[in-house]
Amino acid sequence: MEKLEEYYCYNGTQTVWSHYSSTLNCNMKFAIYIPEQATQTRLPVLYWLSGLTCTEQNFITKSGFQRYASENNIIVVAPDTSPRGENVPDNDSYDLGQGAGFYVNASQKPWNVNYHMYDYILEELPKLVENNFPVTDKKSISGHSMGGHGALVLALRNPDIYTSVSAFAPIVSPSQVEWGKKAFSHYLGQDEKNWELYDSVKLILNGYKADNIFIDQGLADSFYKTQLHTYLLEDACNSKQVPITIRYHNNYDHSYYFISTFIEDHIRYHAEKLRE
């Protein structure tokens with residue numbers, strides 16, 4: 001690993017690292033915030049997954065989460081959203097290719113050589129973090145938009161690994177909206193049955209569960225009615241008796257102004273679950 005950035009923030013350190021990923025077959029970056037308390041004891045980890053067009057930078061520079069991570073003694077890891085590099089397949093569209101990994105394991109050429117973000121987040125990145133930083137084996141996951149989709153899918157499919165899950169304005173059913181249909185048809189092929197393992201609504205309807213799901217959704221979000229369809233997740237959870245808390249907020253949009261307003265609640269939520 002190579003350290004690219006380091007800043008002192010709320011008595012902790014915010015760093016950015018580069019490493020070669022054998023899962024993605026390219027160099028990757030991730031950010032990690034480590035509170036001061038970690039100099040005395042190992043701490044649990046919250047993994048944050050960002051949305052379309054984002055890198056590891058968006059969350060660490062715009063959300064203001066570091067203050068609350070420091071207060072609650074929780075380490076936060078924010079990876080990039082996709083494989084990157086000159087030899088990594090890409091597309092001119094913002095919603096496909098680099099910056100739009102959708103946290104799936106691609107099966108279709110040319111994407112299947114590099115686009116295995118699901119395995120990277122689930123397996124390779126946690127091993128790297130656990131081998132190099134003062135963390136415990138307890139972890140939770142959260143994210144925004146495409147990253148909210150990734151967080152929900154990973155938590156539902158791996159309830160023994162993630163203690164808790166939350167999301168801001170997640171794409172709850174990618175197979176039913178244009179963002180997801182475009183990405184999934186390229187990454188996973190035309191057989192929509194193969195899409196179900198990466199669709200949180202389909203997963204819940206097929207019997208997958210989480211102890212509790214916590215979501216914030218802005219009602220002034222321009223993507224709410226076209227790409228997010230939060231109500232589909234609410235209906236699925238209610239039909240399968242999966243505990244869920246969804247807070248709808250007037251006037252808030254899809255931006256990091258929204259995330260920064262409510263990130264304290266999410267950090268405290270995960271910290272409490274991780275202490276149980």
Side-chain angles (χ1 to χ4, degrees), residues 44-51 59 63 65 68-69 72 74 76-78 102-104 117-118 121-122 126 138-177 179-180 195-219 221 223-225 227-249 252 254 258-259 261-276:
V45 185
L46 172 64
Y47 286 85
W48 170 271
L49 307 184
S50 289
F59 184 62
S63 71
F65 80 90
Y68 310 114
N72 289 276
I74 185 173
V76 178
V77 174
F102 268 86
Y103 305 100
V104 304
M117 286 298 293
Y118 180 89
I121 300 298
L122 179 65
K138 296 195 71 173
K139 57 182 69 72
S140 292
I141 194 163
S142 185
H144 170 231
S145 193
M146 178 186 73
H149 139 72
L152 289 168
V153 167
L154 280 152
L156 287 165
R157 289 176 59 179
N158 303 279
D160 55 329
I161 291 179
Y162 298 103
T163 299
S164 52
V165 59
S166 73
F168 287 83
I171 307 170
V172 302
S173 190
S175 63
Q176 300 187 63
V177 299
W179 276 343
W195 302 1
E196 293 187 2
L197 281 176
Y198 299 103
D199 185 308
S200 57
V201 169
K202 299 289 188 181
L203 288 171
I204 289 169
L205 293 176
N206 288 333
Y208 289 79
K209 296 182 181 297
D211 286 342
N212 190 273
I213 298 170
F214 175 32
I215 289 175
D216 276 317
Q217 175 64 58
L219 293 178
D221 188 327
F223 302 116
Y224 171 50
K225 294 181 179 180
Q227 303 283 4
L228 307 180
H229 295 337
T230 316
Y231 68 91
L232 292 175
L233 182 66
E234 187 171 19
D235 290 346
C237 286
N238 290 337
S239 71
K240 292 294 184 176
Q241 297 183 320
V242 174
I244 188 169
T245 299
I246 301 180
R247 304 191 305 186
Y248 294 96
H249 305 276
Y252 286 94
H254 201 69
F258 167 51
I259 294 171
T261 301
F262 299 106
I263 191 63
E264 178 181 7
D265 296 344
H266 286 248
I267 296 292
R268 293 189 183 281
Y269 168 77
H270 290 293
E272 290 173 3
K273 296 293 184 181
L274 288 164
R275 283 194 293 265
E276 290 178 357

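Both backbone and side-chain heavy atoms feed into the values below; hydrogens, waters and symmetry mates do not.
Counting only distance, with no hydrogens or angles, the side chain of His149 and the backbone of Gly51 share no donor-acceptor pair below 3.5 Å. For the pair Lys240 (side chain) and Lys209 (backbone), a donor-acceptor distance under 3.5 Å is absent.
Counting heavy atoms from C-beta on, the side chains of Asn158 and Asp160 come closer than 4.5 Å. Between Leu122 and Tyr162, the closest side-chain pair of non-hydrogen atoms falls below 4.5 Å. Residues His254 and Tyr224 are not in side-chain contact: their nearest non-hydrogen atoms beyond the backbone lie 4.5 Å or more apart. With contacts defined as side-chain heavy-atom distances shorter than 4.5 Å, the pair Thr230/Asp221 does not qualify. Here the side chains of Lys273 and His270 are not in contact, with every heavy-atom distance at 4.5 Å or above. With a 4.5 Å cut-off on side-chain heavy atoms, Val153 and Tyr103 do not count as touching.
The nearest pair of heavy atoms linking Gly150 to Leu49 is C-CD1, 3.7 Å. The nearest pair of heavy atoms linking Ala151 to Val165 is O-CG2, 3.6 Å. In terms of heavy atoms, Asn72 sits closest to Tyr68 at ND2-O, 2.8 Å. Here the closest heavy-atom approach between residue Leu274 and residue Val45 is recorded as CD1-O, 4.2 Å. Considering all non-hydrogen atoms of both residues, Lys202 and Glu196 come closest at CB-O, 3.9 Å.
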**Intermediate values then yes/no, side chain to side chain contact (heavy atoms under 4.5 Å, CB included), Thr261 and Asp216** = CA-CA 11 Å; Thr261 301; Asp216 276 317; over 6 Å; no

**Request:** For Leu197 and Leu203, run side chain to side chain contact (heavy atoms under 4.5 Å, CB included): C-alpha distance rounded to whole Å, both residues' side-chain angles, the deciding distance at 0.1 Å, then the answer.
**Result:** CA-CA 6 Å; Leu197 281 176; Leu203 288 171; 4.1 Å; yes

**Request:** Report the C-alpha distance between Trp179 and Ser145 in whole Å, list the side-chain angles of each, state the deciding distance to 0.1 Å, and finish with yes or no for side chain to side chain contact (heavy atoms under 4.5 Å, CB included).
**Result:** CA-CA 11 Å; Trp179 276 343; Ser145 193; 4.0 Å; yes

**Item:** CA sep, side-chain torsions, deciding dist, call: Tyr118, Val104, side chain to side chain contact (heavy atoms under 4.5 Å, CB included)
**Value:** CA-CA 5 Å; Tyr118 180 89; Val104 304; 5.5 Å; no

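Of the residues listed (Val177, Val172, Ile171), the one engaging Leu228 in a side-chain contact (heavy atoms from CB on, under 4.5 Å) is Ile171, and it is the only one. Tested against Lys139 for a side-chain contact (heavy atoms from CB on, under 4.5 Å), the candidates Pro44, Pro126, Ser164 yield a single pass: Pro126.
Donor-acceptor pairing under 3.5 Å is recorded for the side chains of His266 and Ser166.
If you look at Phe65 and Phe59, their ring centroids are closer than 6.0 Å. In this structure, the ring of Tyr198 has its center no less than 6.0 angstrom from the ring center of Phe102.
Partners of Asp199 according to the salt bridge (charged side-chain N to carboxylate O under 4.0 Å, His left out) rule, which considers only residues two or more places apart in sequence or in another chain, do not exist here. The salt bridge (charged side-chain N to carboxylate O under 4.0 Å, His left out) search around Glu234 returns none, not counting sequence neighbours. For Asp211, there are no salt bridge (charged side-chain N to carboxylate O under 4.0 Å, His left out) partners at least two apart in sequence or on another chain.
With a 6.0 Å radius and a threshold of 12 heavy atoms from other residues, nucleotides or ligands, Tyr269 has its OH atom above the threshold.
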